[in-house]
Protein chains: 2
Amino acid sequence: MGKSRFLGEFEQFVLLAILRLGVQAYGTTIRQILLDVIQRDVSIGALYTTLTRLEDKGLIRSAMGEATAERGGRAKKYFEITAEGKRALQEARQSLDAMWRDVKLSFVGVKQ
Amino acid sequence: MGKSRFLGEFEQFVLLAILRLGVQAYGTTIRQILLDVIQRDVSIGALYTTLTRLEDKGLIRSAMGEATAERGGRAKKYFEITAEGKRALQEARQSLDAMWRDVKLSFVGVKQ
DNA sequence: GTAATTTATTCTACAAAGTAAAACTAATAA
DNA sequence: TTATTAGTTTTACTTTGTAGAATAAATTAC
């Protein structure tokens, strides 16, 4: 079992992107979600590096799609989050929530 | 001005710790908050490295306290967050919120 | 049937952030 | 004048973040 390290911020974003894409999460769509939702324009190579690492840690798993492409192009590699991945994501969120709790009150000078 | 990079997760935690400590944020107290609130036990050296980097990026500023210690020991270095630091923190939060939005609904199998 | 074209993944290399351990500093107390 | 105490800096290394180029495997157009 993966030595319970912490999730990096980008790793969290990627996990969340996979979750919201559901069954059709693969390189290009994940990258697009990141761009659409948080305007984060990351190179596709950078994204795959993170995907590989997340899989090595057991936080996601992947499966190659059938080679039934219509308009040319290589087969897609689909990703989904594992139970451990969900757990890691929840933990990261809980920590951040805990740190933010009460802080908002004293956080003057910046509109929320 | 600091080339608007993204905040790492630990950097966010440190900024939040400083915010909630208010006027008495310095090495030891920041470390203690991290331990109390999110059970993150980081070495003091690691913390200072991050503090230094945050200051270099203009997200916090520091000031040495008067040498009026009572029971021996060196003067404290107090930290406070800058306007830019608050902004960066807000942005990081907004991105994470945006990515989490709607995800909760499809997030079955893990108690929230 | 082979050379584009298209869609996608993998590799390589480096920068930035996370982290610990040891060294150092500057006070007070014995 | 040497401990002791409370605190900060330095050094060194691991992990994450990131881009760009290379590669792969399909389809389509001569």
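To find a chain, count down the sequence lines: A is the first, B the second, and so on, and within it residues start at 1. Because only heavy atoms are used, hydrogens play no part in the values below, and waters and symmetry mates are left out as well, while side chains stay in.
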Practice task
Let me know the distance between CG of A/L34 and C1' of D/dA19, rounded to the nearest Å.
Solution key: 15 Å
Exercise for the section: Kindly indicate whether the side chain of A/V14, heavy atoms from C-beta on, has any atom under 4.5 Å from the side chain of A/I60. Expected result: no
Practice task
Check the distance between C/dA17's P and B/R40's CZ and give it to me in whole angstrom.
Solution key: 15 Å
Practice task
Looking only at side-chain atoms of B/K76, point me to the closest of C/dT19, D/dT18, D/dA6.
Solution key: D/dA6
Handout entry: Ion pair B/K57/B/E84, N-O distance below 4.0 Å
Key = no
Fill in the blank from the handout: In whole angstroms, the gap separating C1' of D/dA26 from CE of A/M64 amounts to 12 Å
Exercise for the section: Describe the nucleic acid contact of A/L47 in one word from base, sugar-phosphate, nothing, applying a heavy-atom distance below 4.0 Å. Expected result: nothing
Handout entry: Of B/A46 and B/T28, the one whose closest DNA chain D nucleotide lies more 5'
Key = B/T28
Problem - Distance in angstrom units between B/L51 CG and C/dG18 C1', rounded - result: 13 Å
Problem - Ring-face cation contact, A/Y26 with A/K77, 6.0 Å cut, 45° max - result: no
Completion exercise
Out of C/dT10, C/dT19, C/dA17, minimum distance to the side chain of A/K77 belongs to C/dT10
Exercise for the section: Determine the contact category for A/R31: base if any of its heavy atoms lies under 4.0 Å from a base atom, sugar-phosphate if only primed atoms, P, OP1 or OP2 are that close, otherwise nothing. Expected result: nothing
Handout entry: Ion pair check, B/E55 and B/R61, cut-off under 4.0 Å
Key = no
Exercise for the section: Just call it for B/G45: base, sugar-phosphate, or nothing, with non-hydrogen atoms closer than 4.0 Å on any strand. Expected result: base
Problem - Touch class at under 4.0 angstrom, heavy-atom based, for A/D56 against every strand present - result: nothing
Problem - Salt bridge A/R93-A/D97, side-chain N to carboxylate O under 4.0 Å - result: yes
Exercise for the section: Give B/T52 one of three labels, base, sugar-phosphate or nothing, depending on what nucleic acid heavy atoms sit under 4.0 Å from its own. Expected result: nothing
Handout entry: A/K57 NZ to D/dT14 P, straight-line distance once rounded to whole Å
Key = 16 Å
Exercise for the section: Return the nearest nucleotide to the side chain of A/S43; candidates are C/dA8, D/dT18, C/dT19. Expected result: D/dT18
Fill in the blank from the handout: note: A/I44, atom CD1; D/dT23, atom P; distance rounded to Å ~ 19 Å
Fill in the blank from the handout: In whole angstroms, the gap separating P of C/dA8 from CD of A/Q24 amounts to 11 Å
Practice task
Assess whether one donor atom and one acceptor atom, taken from the side chain of B/R53 and the base of C/dG18, lie less than 3.5 Å apart.
Solution key: yes
Handout entry: Of B/Q12 and A/Y78, the one whose closest DNA chain C nucleotide lies more 5'
Key = A/Y78
Fill in the blank from the handout: Which of D/dG17, D/dT23, D/dA6 is nearest the side chain of B/R74? It is D/dA6
Practice task
Would you mind classifying the nucleic acid contact of B/G27 as base, sugar-phosphate or nothing, using non-hydrogen atoms under 4.0 angstrom?
Solution key: sugar-phosphate
Practice task
Please determine if B/R40 forms a cation-pi arrangement with B/F10, meaning its NZ or CZ atom is less than 6.0 Å from the six-membered ring centre and no more than 45° off the ring axis.
Solution key: no
Completion exercise
To the nearest angstrom, the CZ-P distance between B/F6 and D/dA19 comes to 9 Å
